[in-house]
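These notes concern the structure reproduced below.
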Amino acid sequence: MEVIITKDRSEASQYVAEMFMNVLALKDRPVLGLATGGTPKGVYGRLIDAYTRGEITFHHALSFNLDEYLGLGKDDEQGYARYMKENLFQFVDFKSENTHIPNGKAPDPEKECARYSDLIHAQGGIDIQLLGIGDNGHIGFNEPAKTFKRHTHIVELDEKTREANARFFDKKDDVPFKAITMGIGEIMQSRRIVLLALGEHKAEIMERFLGTEDIDPELPASILHAHQHVTVVMDEAAAKNYRKGEKHEATD
Ligand code: F6R
């Protein structure tokens with residue numbers, strides 16, 4: 001596992017954006033795995049800037065988002081379809097039929113999970129997957145549990161997750177109790193994974209995650225220790241408690 005520590009969140013976002021730009025430039029049909037939440041916003045900002053400068057295009061790319069709240073659909077303000085539109089899609093030249101997000105409003109959510117899994121597999125899996133990390137170690141919405149779930153599935157959100165995400169809603173009570181999330185199998189089949197962690201509030205979970213190579217479904221991110229091609233990018237604040245191994249400086 002490669003660990004990159006940057007001086008601040010801006011450098012970390014730039015570093016990750018450049019990883020995505022390389023995939024966009026090198027592949028005929030790049031499949032991007034995308035995340036939502038606070039963490040990736042700077043990455044998307046830099047991708048928009050690069051697109052605006054004419055340096056990259058998304059016209060040949062496909063995307064799969066990690067997750068969506070159950071009950072929220074493409075027009076809901078707090079839904080992830082809306083987030084993606086507002087933070088990336090409306091500013092770049094992705095073909096709308098090539099961007100995929102689980103439909104939290106599907107009449108048969110189980111069927112929607114199977115459809116989403118099949119679609120990822122039909123496209124040959126993901127070339128580069130962007131991940132944030134929850135305070136409880138979740139990736140996507142794969143919450144701490146007794147076992148890992150392989151495929152896209154419905155998950156009950158942890159109270160910690162609902163609390164952390166309450167900031168995106170008017171009040172905590174509005175945060176849905178369930179979500180659809182890509183499974184650990186689909187995430188692990190990505191050819192390359194980049195986990196981005198920004199800010200001091202991520203220092204504790206990053207210490208737990210990087211402090212041991214044991215794989216434990218109670219710390220879902222720990223499965224990444226079994227992947228061949230993971231890059232962890234942290235700003236200095238998130239890396240505050242990280243002592244293992246050497247520090248790498250990001251270059252712009
Ligand atoms: C978002 C996602 C989550 C977030 C995680 C961190 O699509 O799958 O795993 O990456 O909850 O959220 P932020 O970035 O808001 O701290």
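In each ligand, atom 1 is the first atom listed, and ligand 1 is the first ligand listed. Note that the structure is a prediction, hence the values are computed from the model and not measured.
Scanning the protein heavy atoms around atom 8 (O) of ligand 1, the nearest turns out to be Asp67 OD2, 2.5 Å. Ranking the protein heavy atoms by distance from atom 1 (C) of ligand 1 puts Thr36 OG1, 3.2 Å first. For atom 6 (C) of ligand 1, the closest non-hydrogen atom of the protein is Ile133 O, 3.4 Å. For atom 3 (C) of ligand 1, the closest heavy atom belonging to the protein is Gly140 O, 3.6 Å. From the protein, the heavy atom lying nearest to atom 5 (C) of ligand 1 is His138 NE2, 3.4 Å.
Counting atoms of ligand 1 from 1 in the listed order, those under 4.0 Å from a heavy atom of Lys202 are 6 (C), 13 (P), 16 (O). Within the listing of ligand 1, atoms 13 (P), 14 (O), 15 (O) sit less than 4.0 angstrom from a heavy atom of Gly38. Atoms of ligand 1 found under 4.0 Å from any heavy atom of Gly132 (numbered from 1 in listed order, with element): 10 (O). Near Leu66, meaning under 4.0 Å from any of its heavy atoms, are these atoms of ligand 1: 8 (O).
At distances below 3.5 Å, not a single donor-acceptor pair connects side-chain atoms of Asp158 with backbone N or O atoms of Lys160. Side-chain N or O atoms of Asp108 include one that pairs as donor or acceptor with a backbone N or O of Glu110 at under 3.5 Å. Under the 3.5 Å distance criterion, the side-chain polar atoms of Gln123 are left unmatched by any main-chain donor or acceptor of Ile120.
Within the structure, every pair that satisfies the ring pair (Phe, Tyr, Trp, His ring centres under 6.0 Å) test and touches residues 100-124, not counting sequence neighbours, is listed here: Phe64-His100, Phe64-Tyr116, His121-His151.
Ring geometry, Tyr69 versus Phe141: the interplanar angle falls from 30° to 60°, so the pair is classed tilted.
Ligand 1 has at least one atom lying under 4.0 Å from a heavy atom of Arg167.
A salt bridge links Asp174 to Lys171: one of the charged nitrogens lies within less than 4.0 Å of a carboxylate oxygen.
Contacts between Leu131 and ligand 1 below 4.0 angstrom, taking non-hydrogen atoms only, are absent altogether.
Judged by distance alone, the side chains of Glu204 and Asn241 never bring a donor and an acceptor atom under 3.5 Å apart. For the residue pair His225 / Glu213, no side-chain donor-acceptor distance below 3.5 Å is found, with atom types taken as modelled.
Evaluated by nearest non-hydrogen atom to atom 13 (P) of ligand 1, the leading choice among Thr39, Ile187, Leu196 is Thr39.
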